[in-house]
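Whatever order the structure lists ligands and atoms in, that order sets their numbers, starting from 1.
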Amino acid sequence: MKNLIVQKYGGSSVADSIKLKKVAEKVSGRIKKNFKLVVVVSAMGKTTDNLIKLSKEVSNNPVPRELDMLLTTGEQVSASLLAIALNDIGIKSKSLNAFQAEILTTGDFNQARIKNLKIKKIRNLLKEFDALIITGFQGITEEGEITTLGRGGSDTSAVALAAALGAKCEIYSDVAGIYSTDPRLHPAAKKLKYITYDEMLEMSSLGAKVLHSRSVEIAKKYGITIYCGSTFSDEEGSFVMKKNIEQPVVSGLSVMDNQTQVTLSNLPLDFTLVHQIFEKVAKEGLNVDMISIISNSGLNISFTVIEDKKTHVSKALSQILKGMKGFNIDYSSGYSKISIVGIGMKSSSGVASQYFMALKDIPVKLVTTSEIKISCLVEEKYKDKAVKSLISTFEL
Ligand code: ADP
Ligand code: ASP
Ligand code: MG
């Protein structure tokens, strides 16, 4: 369809009725320029956080299916309100939840993945309506169960819809694009005009919540350029795309707090144990990161998980290591992972040396690298110092 745009507005953009009306005006402005819009919305403001809090008031361990039933209500409120506001200003629009829009996902409650989008209905409705407002973050399974895509998942709903509909994709939030680092924490951060999929993927999975990392995976797979801009200003935003015309060595820095380092020391020198440990952890659906294995007189394994999962990991490890003696397990929390990302690292040397020069006064616990990133784990008390030093070294 010609002139079709998928736009996504995040929680802060639809936080109250005044903001919702402003979004409605923005949508209407585009429609008056001869576009048809599919608008994906998140829940209003802190709604999702508050719903999670509420669930924790009735259970320490809410049943995942019921949590999704609860959380998806948030997006239905904002979608219907936006459709009401749009109709009020004369724009023919209709809201659809994931069930009505037929967004099919896997059955992994709280972290489902989109499998299929049936766009025939959306296309037909677009003949009649100028704007369709679709609840982000949610899906349904073949069996009709309601799922969510993981925190921040509305970005993924939007990119998946754009890919399926062959439309442009614009993601609006409270910041005017992608910056070298979180502009709320570092107001001097530089706005990046372009960033590649690979860089953005690293930044998102390393803590930059401005885009859900799955949304970037889908954009990369289908070659969708994502425009990220501000909802309430006309300042030019950023493009997430295949090539970064500017090719900086280091484009950005991300920080992820609440990391726990798990260290197993003095295990017997048996490498099948390494496999067994990581197999068990994977089976439990736990994400491990920053792995280091050192073998001398015994086997020492260290890895990180997010703090929330500490008890879960500890249970899994005790099952695997039951009956074994002579080794130690240590769980140290309160760490932050700081990463620098840049496509130009592939082709330039000396980045690691600059990186460690910047961190020379900071006790680094673990380091991991890929072709386009270097991450280190530091105690939270050193975080600000490390971040400042890296920002200044790499001129971020
Ligand atoms: P929305 O609710 O619109 O989805 P989010 O809160 O999920 O918005 O994401 C936007 C936030 O991401 C910004 O307010 C900013 O604090 C944060 N952020 C973290 N890293 C970056 C970055 N590198 N560039 C831009 N924003 C970032
Ligand atoms: N409302 C959901 C959340 O807060 C989804 C999103 O914002 O993208 O995680
Ligand atoms: Mg978000």
Side-chain angles (χ1 to χ4, degrees), residues 7-15 19 23 39-53 67-68 70-79 97-98 110-112 114 134-139 147-161 170-195 199-216 226-233 235 237-240 250-257 338-342 373 387 390-391 396:
Q7 294 191 332
K8 177 249 165 177
Y9 293 93
S12 52
S13 309
V14 294
K19 289 187 171 147
V23 168
V39 181
V40 174
V41 287
S42 299
M44 294 169 79
K46 299 257 169 266
T47 302
T48 311
D49 287 333
N50 292 338
L51 290 171
I52 292 176
K53 216 167 107 203
L67 192 60
D68 280 355
L70 178 70
L71 297 190
T72 47
T73 59
E75 271 67 15
Q76 196 157 327
V77 172
S78 44
N97 63 20
N110 311 166
Q111 47 184 5
I114 296 178
I134 299 186
T135 49
F137 179 55
Q138 54 178 257
T147 56
T148 63
L149 308 178
R151 294 305 306 270
S154 311
D155 302 328
T156 298
S157 315
V159 177
L161 278 161
E170 301 176 347
I171 294 198
Y172 291 101
S173 71
D174 57 344
V175 288
I178 314 289
Y179 288 72
S180 53
T181 187
D182 190 336
R184 302 214 156 268
L185 303 176
H186 305 277
K190 286 188 196 156
K191 188 161 61 189
L192 308 171
K193 191 158 184 198
Y194 306 102
I195 181 163
E199 289 170 308
M200 194 63 233
L201 263 177
E202 292 282 11
M203 296 257 293
S204 297
S205 46
L206 295 168
K209 70 166 183 164
V210 61
L211 281 180
H212 194 228
S213 53
R214 180 83 186 119
S215 72
V216 189
I226 309 176
Y227 172 77
C228 294
S230 152
T231 307
F232 303 115
S233 98
E235 196 180 324
S238 310
F239 294 90
V240 184
V250 177
S251 306
L253 175 145
S254 291
V255 179
M256 213 169 186
D257 293 329
I338 305 172
S339 313
I340 55 165
V341 175
K373 72 131 201 255
V387 168
L390 288 167
I391 287 181
L396 297 172

**Asked** Do side-chain atoms of Asn97 reach the backbone of Gln76 as a donor and acceptor pair under 3.5 angstrom?
**Response** no

**Item:** ligand 1-proximal atoms of Lys190, by part, heavy-atom distance under 4.0 Å
**Value:** neither

**Message:** Taking distance alone, with N or O pairs closer than 3.5 Å, would you say Ser180 contacts ligand 1?
**Reply:** no

**Asked** Does Gly10 come within less than 4.0 angstrom of ligand 2, counting non-hydrogen atoms of the residue?
**Response** no

**Prompt:** For ligand 2, which atoms sit closer than 4.0 Å to a heavy atom of Thr48?
**Reply:** 1 (N), 2 (C), 3 (C), 4 (O)

**Request:** Using distance alone, determine whether Ser173 and ligand 1 share an N or O pair under 3.5 Å.
**Result:** no

**Asked** Which option, Ser154, Ser12, Gly11, owns the non-hydrogen atom nearest atom 6 (C) of ligand 2?
**Response** Ser154

**Complete:** Within the 4.0 Å heavy-atom cut-off, what Leu185 brings close to ligand 1 is neither

**Request:** Only heavy atoms count here, so choose which of Val175, Val210, Val255 is nearest to atom 12 (O) of ligand 1.
**Result:** Val210

**Message:** Any nitrogen or oxygen of Asp174, side chain or backbone, less than 3.5 Å from one on ligand 1?
**Reply:** yes

**Fill in**
heavy-atom search around atom 7 (O) of ligand 2 in the protein gives Ser42 OG, 3.3 Å

**Prompt:** Can you list the ligand 1 atoms lying under 4.0 Å from a non-hydrogen atom of Met203?
**Reply:** 23 (N)

**Prompt:** How does Pro183 reach ligand 1, by side chain, by backbone, by both or by neither, if only non-hydrogen atoms under 4.0 Å count?
**Reply:** side chain

**Asked** atom 1 (N) of ligand 2: which of Glu75, Arg151, Lys209 has the nearest heavy atom?
**Response** Glu75

**Fill in**
The residue among Ser78, Ser12, Ser154 that forms side chain to side chain donor-acceptor pair (under 3.5 Å) with Ser42 is Ser154

**Asked** So, the side chain of Ser213 versus the backbone of Ser205: is there a donor-acceptor pair under 3.5 Å, distance only?
**Response** no

**Asked** Can you tell me if His212 has a non-hydrogen atom under 4.0 Å from ligand 1?
**Response** no

**Request:** May I ask you to decide whether Asp174 forms a salt bridge with Lys19, counting only side-chain N to carboxylate O separations under 4.0 Å?
**Result:** no

**Any Ser254 heavy atom less than 4.0 Å to ligand 1** = no

**Request:** Find out whether Thr47 and Val77 are in side-chain contact, i.e. whether some heavy atom of one side chain is under 4.5 Å from a heavy atom of the other.
**Result:** no

**Flag for Glu75-Gln138: side-chain donor and acceptor within less than 3.5 Å** = no

**Request:** Under 4.0 Å from a heavy atom of Gly152: give me the atoms of ligand 2 that qualify, with their elements.
**Result:** 3 (C), 5 (C), 6 (C), 8 (O), 9 (O)

**Request:** Give yes if a backbone or side-chain nitrogen or oxygen of Lys8 is under 3.5 Å from a nitrogen or oxygen of ligand 2, and no if not.
**Result:** no

**Asked** Purely on distance, is any nitrogen or oxygen of Lys209 under 3.5 Å from one on ligand 1?
**Response** yes

**Asked** Please walk me through it: do Lys191 and Glu235 pass salt bridge (Lys or Arg N to Asp or Glu O under 4.0 Å)?
**Response** CA-CA 11 Å; Lys191 188 161 61 189; Glu235 196 180 324; 2.7 Å; yes

**Prompt:** Going by the angle between their ring planes, with limits at 30° and 60°, are Tyr227 and Phe239 parallel, tilted or perpendicular?
**Reply:** tilted

**Asked** Just distances here: any N/O of Ser42 and N/O of ligand 1 closer than 3.5 Å?
**Response** no

**Message:** Please report whether ligand 2 has a polar contact with Gly150, defined as an N or O pair separated by less than 3.5 Å (distance criterion only).
**Reply:** no

